[in-house]
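Structure first, then comments.
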Amino acid sequence: MDDIETIMRTAPVIPVLVLDDPESAVAIGTALVKGGLRVLEVTLRTPRALEVMTAMTKIDGAIVGAGTVLDDAQLDQALDAGARFIVSPGLTKRLAQAASSRRACFLPGVANASDIMRGLDLGLNRFKFFPAEASGGLKALRALAGPFGDVRFCPTGGITLETAPEWLAEKAVLCVGGSWLVKPGMSTDEIEAAARKASELRA
Ligand SMILES: O=C(O)C(=O)C[C@H](O)[C@H](O)COP(=O)(O)O
């Protein structure tokens, strides 16, 4: 069975994907995996996101999860569609308990000390730090890492290829998330090249 720590340590960057066409999604996912990024977060932000996810689970080497999971109905849909991990922009007790009862790998979003304490109460200590830049950036992350020394994060939101290295240099950071790897109009060659650069960010 997967665990969220292993998934977070698989690659330095988790591409956050907003895709609506299963066919092109497979080509995009294949390019990302070829470039070295195996962990793919498919956001449930588009009408066909679940179909996209199911199609992408068939890509050799890909570890496909669902992002933007807001409630337990979406959690079940994502797991049924083949998601190996579940990312949420925030943390509710209800969603955390549903994830735990389904034995899902769960990465909920936190933005402050109270969010983290709510997660710890629920037995969680691996979080998405979201929205990373808007919530105070590296300064905020370093401040939170003080009292919560055992907590580890995947900062996401406003991070770029240029800023990712300074986040990844933090002990509390296992990986970062970002949407910069796949933007409308990019070719699969460009996506693969962007993935390669991102995959080489941390030795
Ligand atoms: O959809 C979700 O559940 C989210 O949490 C939002 C995404 O993680 C960010 O939109 C990615 O941030 P950017 O790299 O700044 O585009």
Side-chain angles (χ1 to χ4, degrees), residues 4 7-8 10-20 25 28-29 32 35 37 39-53 56 63-79 81 83-92 94-96 98-99 104-112 115-116 118-119 124 126-141 152-168 170 173-186 190-191 194-195 197-199 201-202:
I4 198 65
I7 288 176
M8 291 169 84
T10 300
V13 179
I14 300 180
V16 178
L17 306 170
V18 184
L19 301 171
D20 201 31
I28 289 167
L32 288 166
L37 299 183
V39 180
L40 310 176
E41 178 184 335
V42 178
T43 60
L44 301 189
R45 291 194 193 193
T46 63
R48 298 179 73 192
L50 291 168
E51 266 180 82
V52 162
M53 206 163 51
M56 292 178 83
I63 299 169
V64 180
T68 333
V69 175
L70 306 180
D71 56 35
D72 30 354
Q74 287 185 327
L75 173 86
D76 283 337
Q77 288 173 340
L79 294 173
R84 283 171 60 182
F85 64 95
I86 299 291
V87 187
S88 175
L91 170 58
T92 68
R94 183 169 164 157
L95 185 58
C105 275
F106 184 43
L107 189 66
V110 295
N112 57 48
D115 291 346
I116 294 171
R118 197 162 61 253
L124 299 163
R126 299 292 179 264
F127 302 106
K128 171 171 179 161
F129 177 45
F130 177 77
E133 289 292 357
S135 303
L138 265 173
K139 222 170 151 180
L141 179 106
R152 296 292 179 269
F153 301 93
C154 173
T156 306
I159 296 175
T160 63
L161 177 68
E162 289 69 35
T163 61
E166 45 189 4
W167 288 95
L168 290 166
E170 295 295 316
V173 172
L174 299 183
C175 60
V176 301
S179 66
W180 80 84
L181 299 125
V182 178
K183 291 286 181 198
M186 278 170 81
E190 287 168 334
I191 291 168
K197 277 191 196 144
S199 73
L201 280 179
R202 187 163 53 186

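This one's a predicted model, so the numbers in the text were calculated from it and none came from an experiment. Whatever order the structure lists them in is the order used to number ligands and atoms, beginning at 1. All residue numbers in this chain count up from 1 along the given sequence.
The two residues Ala83 and Ala66 have their closest heavy-atom pair at CB-N, 3.9 Å. In plain terms, the two heavy atoms of Met8 and Cys175 that are nearest each other are O-CB, 3.3 Å. The minimum heavy-atom distance linking Ser199 with Gly35 is given by the pair OG-O, 3.0 Å. Heavy atoms only, all atoms of each residue included: Phe127 and Leu107 are closest at C-CD1, 3.5 Å.
Distance alone, capped at 3.5 Å, is enough to place a donor-acceptor pair between the Thr163 side chain and the Thr160 backbone. Judged by distance alone, the side chain of Asp72 and the main-chain N or O of Leu75 form no donor-acceptor pair under 3.5 Å.
Considering backbone and side-chain atoms alike, Arg45 places an N or O below 3.5 Å from some N or O of ligand 1. In terms of polar-atom proximity, defined here as any N/O pair under 3.5 Å, Gly158 does make such a contact with ligand 1.
Counting heavy atoms closer than 4.0 Å to ligand 1, residue Lys128 contributes side-chain atoms (C-beta onward) but none from N, CA, C or O. Within the 4.0 Å heavy-atom criterion, neither part of Trp180 lies near ligand 1.
Those atoms of ligand 1 that come under 4.0 Å of a heavy atom in Thr43, given as number and element, are 1 (O). Those atoms of ligand 1 that come under 4.0 Å of a heavy atom in Gly178, given as number and element, are 14 (O). Those atoms of ligand 1 that come under 4.0 Å of a heavy atom in Thr156, given as number and element, are 8 (O), 11 (C).
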Review point. Are Ile7 and Cys105 close enough, and set up right, to give a side chain to side chain contact (heavy atoms under 4.5 Å, CB included), and what steps lead you there?
Key: CA-CA 9 Å; Ile7 288 176; Cys105 275; 4.1 Å; yes

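Regarding atom 13 (P) of ligand 1, its nearest protein heavy-atom neighbour is Ser179 OG, 3.4 Å. For atom 2 (C) of ligand 1, the closest non-hydrogen atom on the protein side is Thr68 OG1, 3.3 Å. If you check which protein heavy atom lies closest to atom 9 (C) of ligand 1, you get Phe130 CE1, 3.9 Å.
Using a cutoff of 4.0 Å between basic side-chain nitrogens and carboxylate oxygens, Glu41 and Lys128 are scored as salt-bridged.
Under a 4.0 angstrom heavy-atom cut-off, Gly157 registers as being in contact with ligand 1.
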